[in-house]
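Within every chain, numbering begins at 1; the chains are lettered A, B, ... in the order of the sequence lines, protein sequences first and strands thereafter.
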Amino acid sequence: MDILAGLNPQQRIAVEHGQGPALVLAGAGSGKTRVIAHRIAYLIGNMAARPENILAVTFTNKAAREMRERVQKIVGVSRSAEPLISTFHSFCVRLLRREIPHIGYKRDFSIYDTDDQKRLIRQILDEEKNPDLDISPREVISRISYAKNHGVSPDQYTARFPSQIADDVQHIYGQYNARLQQSNSLDFDDLLLKSVDLLRKVPEARKYYGDWYKYILVDEYQDTNRPQYELLRLLTSVHKNLFVVGDEDQSIYKFRGADIQNILKFEKDFPGARIIKLEQNYRSSQNILRIAGAVVENNTERKGKTLWTENDSGDIITCHCEKSAREEAGWVASRIREVLLENPDCHVAVLYRANFLSRNFEDALTEKGIPYAVVGSVAFFSRMEVKDLLAYLRIVFNPEDDVALLRIINTPPRGIGNAAIDMLTEAALNRNLPILQVLREKARDPQVSRRFSRPLLRFQELVDKWTAIQESSSIAQLLEAVLNDTQYREMLQKQETATEAENRMANIDELIRAAAESEERGETIADFLDRASLASELDHLDPNARVALMTLHSAKGLEFDVVFLAGMEEGLFPHSQSMDSNEDIEEERRLCYVGITRAKRKLFITWTPFRKNYGPEAGFASKMSRFLKEMPQDLIEGLDEPDYFDQRPQHRSYFHEAGARYEEISKHKGYQAKIREEELPQPKTIAELKAYLQQKERASEAAGSGASAGPVFKAGMRVRHEQFGEGIVLSRERTGNDIKLVVAFSRVGKKSLIERYAKLKAL
DNA sequence: GATTTACGCCTTTTT
DNA sequence: GGCGTAAATC
């Protein structure tokens, strides 16, 4: 196969680029994967590069796999060396499994995913025993990750990111890092950081790998973060052959530390870099490209390129507004049915801003009998039973992995209760030892009562047994041994409903199959665990699925004949938490651009003013997304806001009210913002809204008055509860948006109740 | 120690 | 409104 055949002039220039750094600015659908694949082939075929000296980095496993297949198609499958095509994270794991002893870890380190991180953080928070420490593990994790990605160590934290909780975060951050190291474990961020660390601190390693990888190619360069950038710098310090492909208009991972500046100032970072723009789009119709371009043009943080295509102008874009999220989903499902009836081979995607939106679409599609695949709901490797079994493998593989140990120490129940676990963790903490080692001691300690030590000893013997057979048996066999010895399946049958247990057993079988397959490929237990840690749901997307449901983020890099962009409302898209700064809005806009440009032939956009929040309705009507208004209006049909009253006579009362509320409330500018802030419990009318706000003001004067009409309870009052009977109010205080009452009932004693829900009667 | 009940958090996006 | 973990209860 001729490597250069079928390439357009710009693609060809990129593929034929010689030595030195190069930046390919590739718009959506302009063939960037193609360019990388062909360049790899070109390096091997025309520049006499040895395949094993080539490293290509992608962001997802799926992209890596596809790249590998494409390269093989062009150069043919060679039995000798192949170029290394992998994600940043798996490249780092590979590097570290060989070299990490240089920086004080053991080769069989564990990888902690978000769930493991959360467990560790929670453990640390518990040990602090400090009631003033009021931070959620989630918050801590995201702050630690942010710090790590910006090269800020625990001792620099307060100085670099001052805030009210900085001291607490700094302390926990330090603890967290120490505990990770003690458990011989790395989190996702560490995989990159420790790789950088290694190459910095160990000149021989830097020289070796820098020299080894003569050509490095990076896909989706706009999404690289700082550690990734540093890693690339170190790896290219010898040959300087860094070839990156990216599109600043598709940079959507700022929240994960991606720095759009990496692509914007590439020429500064790598002097003499050649810049190549790919502007011809092969994917979408002209109309789709025009609206995509019109949206992203509103951004300032971009280099600017204009996509063009030889494709037809195509269909007009269809916008549709429904009266509820359910009906929005129903409408989408109906259109999908039409599309599939017309062309059964059509690939359709429903794209949304946040995962929780998938539910309505799943229901609607199921109702209409349309098969679909969801990306990113509950990932296979994060299912409870799968994680349990992997934790067993981890503890055999890395006996210092405390998080894995604590996960399964009493699952299934084996008589090691909370008291025993507390004793072990405390001793381990005091003596800086892995919990398993302390457990070994306590299991044989004559001072420990039999009641505690016997189960410990039995558990230890099991672990020893598995460790012993690990040498001689396959991963699948080891898993079977664990399942038998622990009676894990029996536990599921006992604890779960029949269908649930069956489901989980099927997952276990699937895991064993995956283990067997992994072994067939010649992988070790470490490879298998690494794969499980770094796998993502996207990797399992069935390419034959006609209808795919996923977030806009997951959709990057994919294409579909027909795309539905759902939930196009202010507050959802752009998301309310990304509306404060222009920088955030620009990222949301890029996300919108990504969504639009996934479509090849036809784009539908839907929204609803009356989406439910957590169950209750939002309490105000959402407005159409500003991004809709940025699109050329002549290319879209159905943009006008419909009249709800006439369309739905059968729901007249409800929608009359909702519609009236919408119109009236939107006239009162400023109220909307206020409602948002205070999370008003559903104002039904403007009068009620005003009453609420007035009452609120009075309340702030005379601190602590009630939120809604009705009797106001005070300490000392006698009250009656439907279930608990009569009692006396002891105290009344505000907690968040609610009023909490503590009432002493004569029959059932002291209870705390939420005033709004308790249905108390004054006596 | 297991089963039941309460509450708290969630809904931004992920390797 | 729903799920998972933490406390309360048996």
Side-chain angles (χ1 to χ4, degrees), chain A residues 57-64 86-93 111-115 118-119 122 126 134 136-139 141-142 145 149 186-192 220 223-225 227-228 251-258 325 351-359 375-376 378-379 381-382 384 410 412-421 451 455 491 494-495 530-531 533-539 550-556 567 571-579 584 587-588 590-592 594-595 611-618 735-736 738 740 749 751-754 757:
Chain A
V57 193
T58 62
F59 270 78
T60 63
N61 300 305
K62 185 168 183 284
S86 94
T87 64
F88 269 107
H89 288 85
S90 27
F91 172 78
C92 290
V93 171
I111 302 168
Y112 279 12
D113 66 12
T114 326
D115 183 67
K118 220 183 200 164
R119 282 163 181 268
R122 198 167 280 145
D126 287 348
D134 184 29
S136 71
R138 228 177 91 86
E139 172 86 10
I141 289 173
S142 92
S145 178
N149 282 319
L186 305 179
D187 64 22
F188 280 146
D189 297 323
D190 285 342
L191 294 176
L192 293 158
E220 309 277 15
D223 286 327
T224 48
N225 61 21
Q228 286 163 341
S251 169
I252 55 173
Y253 282 107
K254 178 166 161 265
F255 73 94
R256 201 168 79 187
L351 309 180
Y352 34 78
R353 179 66 238 266
N355 267 312
F356 76 98
L357 291 170
S358 74
R359 196 173 181 145
V375 175
V378 199
F381 284 107
S382 52
M384 182 256 288
N410 201 34
R414 55 172 69 87
I416 306 178
N418 286 337
I421 293 173
R451 201 172 137 251
M491 173 193 79
K494 220 172 84 189
Q495 287 186 351
D530 292 345
R531 184 182 292 278
S533 309
L534 300 176
S536 80
E537 182 75 358
L538 189 61
D539 306 334
M550 69 188 86
T551 62
L552 288 152
H553 282 87
S554 298
K556 194 169 69 156
L572 187 59
F573 192 29
H575 195 272
S576 53
Q577 285 178 38
S578 301
M579 299 208 305
D584 286 345
E587 176 137 323
E588 296 283 308
R590 291 193 289 268
L591 198 50
C592 184
V594 167
R611 194 175 297 280
K612 289 188 174 189
N613 252 5
Y614 299 72
E617 196 150 328
T735 59
D738 287 319
K740 193 176 84 178
K751 295 267 179 199
S752 55
L753 307 162
I754 297 301
Y757 299 121

So for atom CZ, which belongs to A:Arg414, do other residues, nucleotides or ligands contribute more than 12 heavy atoms lying within a distance under 6.0 Å?
yes
In terms of heavy-atom contacts, does NZ of A:Lys118 have more than 12 from other residues, nucleotides or ligands at under 6.0 Å?
no
What's the closest nucleotide to the [X] side chain, out of [options]?
{"X": "A:Thr87", "options": "B:dT15, B:dT11, B:dT13", "value": "B:dT15"}
{"X": "A:His89", "options": "B:dT15, B:dT13, B:dT12", "value": "B:dT15"}
{"X": "A:Arg138", "options": "B:dT13, B:dT15, B:dT12", "value": "B:dT12"}
{"X": "A:Ala354", "options": "B:dT14, B:dT15, B:dT12", "value": "B:dT12"}

Please classify the nucleic acid contact of [X] as base, sugar-phosphate, or nothing, using heavy-atom distances under 4.0 Å.
{"X": "A:Phe255", "value": "base"}
{"X": "A:Phe573", "value": "nothing"}
{"X": "A:Ser90", "value": "nothing"}

Interatomic distance, [X] [atom1] vs [N] [atom2] [rounded to whole Å]:
{"X": "A:Phe356", "N": "B:dT12", "atom1": "CZ", "atom2": "C1'", "answer": "9 Å"}
{"X": "A:Lys118", "N": "B:dC9", "atom1": "NZ", "atom2": "P", "answer": "11 Å"}
{"X": "A:Leu191", "N": "B:dT15", "atom1": "CG", "atom2": "P", "answer": "14 Å"}
{"X": "A:Lys556", "N": "B:dT13", "atom1": "NZ", "atom2": "P", "answer": "16 Å"}
{"X": "A:Tyr112", "N": "B:dT14", "atom1": "OH", "atom2": "P", "answer": "24 Å"}
{"X": "A:Lys612", "N": "B:dC10", "atom1": "NZ", "atom2": "P", "answer": "22 Å"}
{"X": "A:Asn149", "N": "B:dT15", "atom1": "CG", "atom2": "C1'", "answer": "11 Å"}
{"X": "A:Gln228", "N": "B:dT14", "atom1": "CD", "atom2": "P", "answer": "16 Å"}

So, do A:His553 and B:dT13 meet the stacking rule of ring centres under 5.5 Å and planes under 30°?
no
Test log, rule side chain to side chain donor-acceptor pair (under 3.5 Å), inputs A:Ser90 and A:Thr87:
CA-CA 5 Å; A:Ser90 27; A:Thr87 64; 2.5 Å; yes
Side chains of A:Leu534 and A:Leu191, heavy atoms from C-beta outward: is any pair under 4.5 Å?
yes
Would you mind reporting whether A:Val57 and A:Phe91 have side-chain heavy atoms less than 4.5 Å apart?
no
Report yes if the distance between the aromatic ring centroids of A:His553 and A:Tyr352 is under 6.0 Å, otherwise no.
no
Below 3.5 Å between N/O atoms, which protein atoms pair up with nucleotides 2-6 of chain C? Just atom names and distances, please.
none

Each base of DNA chain C marked ( ) or [ ] if paired in-strand (Watson-Crick or G-U under 3.5 Å), | if paired to another strand and . if unpaired gives .|||||||||
Of all heavy-atom pairs linking A:Pro455 and A:Arg451, the shortest is CD-O, 3.3 Å
On a heavy-atom basis, the closest approach of A:Leu572 and A:Gly567 is CD2-O, 3.6 Å
Who are the salt bridge (charged side-chain N to carboxylate O under 4.0 Å, His left out) partners of A:Arg531, not counting sequence neighbours?
A:Glu523
Go through the structure and list residues passing salt bridge (charged side-chain N to carboxylate O under 4.0 Å, His left out) with A:Glu587, not counting sequence neighbours.
A:Arg590
Could you give me the CA-CA distance, side-chain angles and deciding distance for A:Asn355 and A:Thr551, then say whether side chain to side chain donor-acceptor pair (under 3.5 Å) is met?
CA-CA 6 Å; A:Asn355 267 312; A:Thr551 62; 5.2 Å; no
Please list, for nucleotides 1-4 of chain B, all pairs of protein and nucleotide N/O atoms separated by less than 3.5 Å.
| unit_1 | atom_1 | unit_2 | atom_2 | d |
| --- | --- | --- | --- | --- |
| B:dG1 | OP1 | A:Gly415 | O | 2.8 |
| B:dG1 | OP1 | A:Gly417 | N | 2.9 |

Would you please name every residue forming a side-chain hydrogen bond (donor to acceptor under 3.5 Å, both in side chains) with A:Arg256, sequence neighbours left out?
none
Give a yes/no on whether any side-chain N or O of A:Thr551 is located under 4.0 angstrom from OP1 or OP2 of B:dT14.
yes
